[in-house]
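Inspection log for the structure reproduced underneath, given as structure tokens.
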Amino acid sequence: MATEIKSKHAVVSRPPYQLYMAFVDMRNFVQFLPEDKKKDVEADYDSIKAVVQGFSVGIRVEDRIPYSRIDFCDDGAPFRFSVSMHFDAAGSDPYKTDFYIEVSADLNFMMKMMLGSKLKDAMDKMVDGLAAMSEGRMPEGMDPSMFPEGFDPSGFGGRQA
């Protein structure tokens, strides 16, 4: 039976189409990896594969619903999983997005006990981090040196009045 994990919701100070476009191409994920990790990663528009702690892990896009949702699924991972990223309009403001993530994973009891809360915490951190960056703030607990040279989170700031 699949384990269902849902992140918190956060309002991101970017319109849904902008967030969607940032996540729609799997090659975009590679730029945020430290240089020493990039050598073990292969990506194209629809998929990304990497060796992580000796395990080959792959993810591919299963479905794209323009400006609303992207569904990912495992592609050669040690267990089956799927991830959905949601980009919903936040109320009546077209420049803000209600962003959240849902994961479904086939975890055995032991893996569920070891990973369940850690996955939820990691997803919540990702959502909070994206919201922080959209307001030009560095996400809590993030080391600026981990980002590519020249990366400036203030460039992700919200709508200018």
Side-chain angles (χ1 to χ4, degrees), residues 3-38 40-50 52 57-75 77 81-105 115-161:
T3 300
E4 306 289 330
I5 304 168
K6 295 181 181 183
S7 75
K8 63 176 23 177
H9 288 240
V11 174
V12 178
S13 297
R14 285 294 189 206
Y17 75 88
Q18 271 188 342
L19 287 182
Y20 174 89
M21 294 306 292
F23 289 102
V24 75
D25 185 340
M26 299 299 284
R27 294 173 293 201
N28 291 341
F29 290 93
V30 177
Q31 69 182 331
F32 292 105
L33 295 173
E35 283 302 318
D36 64 324
K37 304 292 185 202
K38 289 181 181 181
D40 296 327
V41 177
E42 294 178 23
D44 60 31
Y45 183 74
D46 291 316
S47 65
I48 189 167
K49 292 186 183 224
V52 179
V57 179
I59 300 171
R60 68 179 163 77
V61 175
E62 187 172 58
D63 196 16
R64 293 179 177 95
I65 300 171
Y67 316 124
S68 177
R69 190 178 81 224
I70 303 172
D71 296 326
F72 305 91
C73 65
D74 66 281
D75 188 20
F81 66 89
S82 63
V83 177
S84 293
M85 294 179 138
H86 297 264
F87 313 94
D88 298 329
S92 61
D93 188 342
Y95 295 97
K96 295 194 176 188
T97 303
D98 175 20
F99 177 71
Y100 62 100
I101 304 167
E102 296 178 327
V103 171
S104 177
L115 297 177
S117 65
K118 290 180 183 181
L119 284 172
K120 168 92 168 100
D121 290 345
M123 291 165 46
D124 288 346
K125 267 190 166 174
M126 289 171 35
V127 169
D128 285 342
L130 189 57
M133 286 176 50
S134 77
E135 295 171 354
R137 296 180 287 120
M138 184 59 67
E140 185 178 324
M142 290 291 218
D143 176 6
S145 68
M146 72 177 276
F147 292 105
E149 188 172 327
F151 176 81
D152 179 9
S154 66
F156 290 90
R159 175 179 75 176
Q160 303 298 315

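No hydrogens, no waters, no symmetry mates; every other heavy atom, side chains included, goes into these values.
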>> A quick test of your reading: do over 12 heavy atoms of other residues, nucleotides or ligands sit less than 6.0 Å from CD of Glu102?
In response: yes

Got a list of side-chain donor-acceptor pairs under 3.5 Å for residues 16-23, not counting sequence neighbours?
{"residue": "Gln18", "atom": "OE1", "partner": "Arg14", "partner atom": "NE", "Å": "3.4"}

>> Between Val12 and Lys96, is the side-chain contact (heavy atoms from CB on, under 4.5 Å) condition met? List the steps.
In response: CA-CA 6 Å; Val12 178; Lys96 295 194 176 188; over 6 Å; no

>> Are the side chains of Arg27 and Tyr45 in contact, using a 4.5 Å heavy-atom criterion?
In response: yes

> Can you name the closest pair of heavy atoms from Met26 and Asp44 and give their distance?
Replying inline: CB-O, 3.2 Å

> With a 4.5 Å limit on heavy-atom distance, are the side chains of Ile70 and Val61 in contact?
Replying inline: yes

> Are any side-chain N or O atoms of Ser134 and backbone N or O atoms of Ser13, one a donor and one an acceptor, separated by less than 3.5 Å?
Replying inline: yes

>> Rounded at 0.5 Å granularity, tell me how far CD in Glu135 sits from CG in Leu130.
In response: 10.5 Å

>> Going by the rule salt bridge (charged side-chain N to carboxylate O under 4.0 Å, His left out), which residues pair with Asp121 if we only count those two or more places apart in sequence or in a different chain?
In response: none

> Taking C-beta and beyond as the side chain, do Val103 and Glu4 meet within less than 4.5 Å on heavy atoms?
Replying inline: no

>> Between Tyr67 and Phe87 (judged by ring centroids, cut-off 6.0 Å), do the two rings come close enough to count as a pair?
In response: no

>> Could you work out, with salt bridge (charged side-chain N to carboxylate O under 4.0 Å, His left out) as the rule, every residue matching Lys49, not counting sequence neighbours?
In response: Asp75

> Taking only residues two or more places apart in sequence or in another chain, which ones pass salt bridge (charged side-chain N to carboxylate O under 4.0 Å, His left out) with Arg60?
Replying inline: none

> Taking all non-hydrogen atoms of both residues, which atom of Lys8 and which atom of Tyr100 are closest, and how far apart?
Replying inline: O-CB, 3.5 Å

> Who are the side chain to side chain donor-acceptor pair (under 3.5 Å) partners of Asp46, not counting sequence neighbours?
Replying inline: Arg64

> Met85 versus Phe99: any side-chain heavy-atom pair under 4.5 Å?
Replying inline: yes

> Which distance, rounded to the nearest 0.5 Å, do you find between the CG of Asp71 and the OG of Ser82?
Replying inline: 7.5 Å

>> I'd like to check the salt bridge (charged side-chain N to carboxylate O under 4.0 Å, His left out) partners of Asp74; sequence neighbours left out, ordered by chain and number.
In response: none

>> With a 4.5 Å cut-off on side-chain heavy atoms, are Thr3 and Phe81 touching?
In response: no

> Is the closest side-chain heavy-atom distance between Asp88 and Thr97 below 4.5 Å?
Replying inline: no

>> Can you give me the closest heavy-atom contact between Val30 and Ala43, atom names plus distance?
In response: CG2-CB, 3.7 Å

> Are the side chain of Lys120 and the backbone of Lys6 linked by a donor-acceptor contact shorter than 3.5 Å?
Replying inline: yes

>> Looking at every heavy atom in both Ser7 and Asp124, which two are closest together, and how far apart are they?
In response: CA-OD1, 3.3 Å

>> With side-chain contact (heavy atoms from CB on, under 4.5 Å) as the criterion, how do Glu42 and Ile48 come out once you've worked through the C-alpha distance, each side chain's angles and the decisive distance to 0.1 Å?
In response: CA-CA 6 Å; Glu42 294 178 23; Ile48 189 167; over 6 Å; no

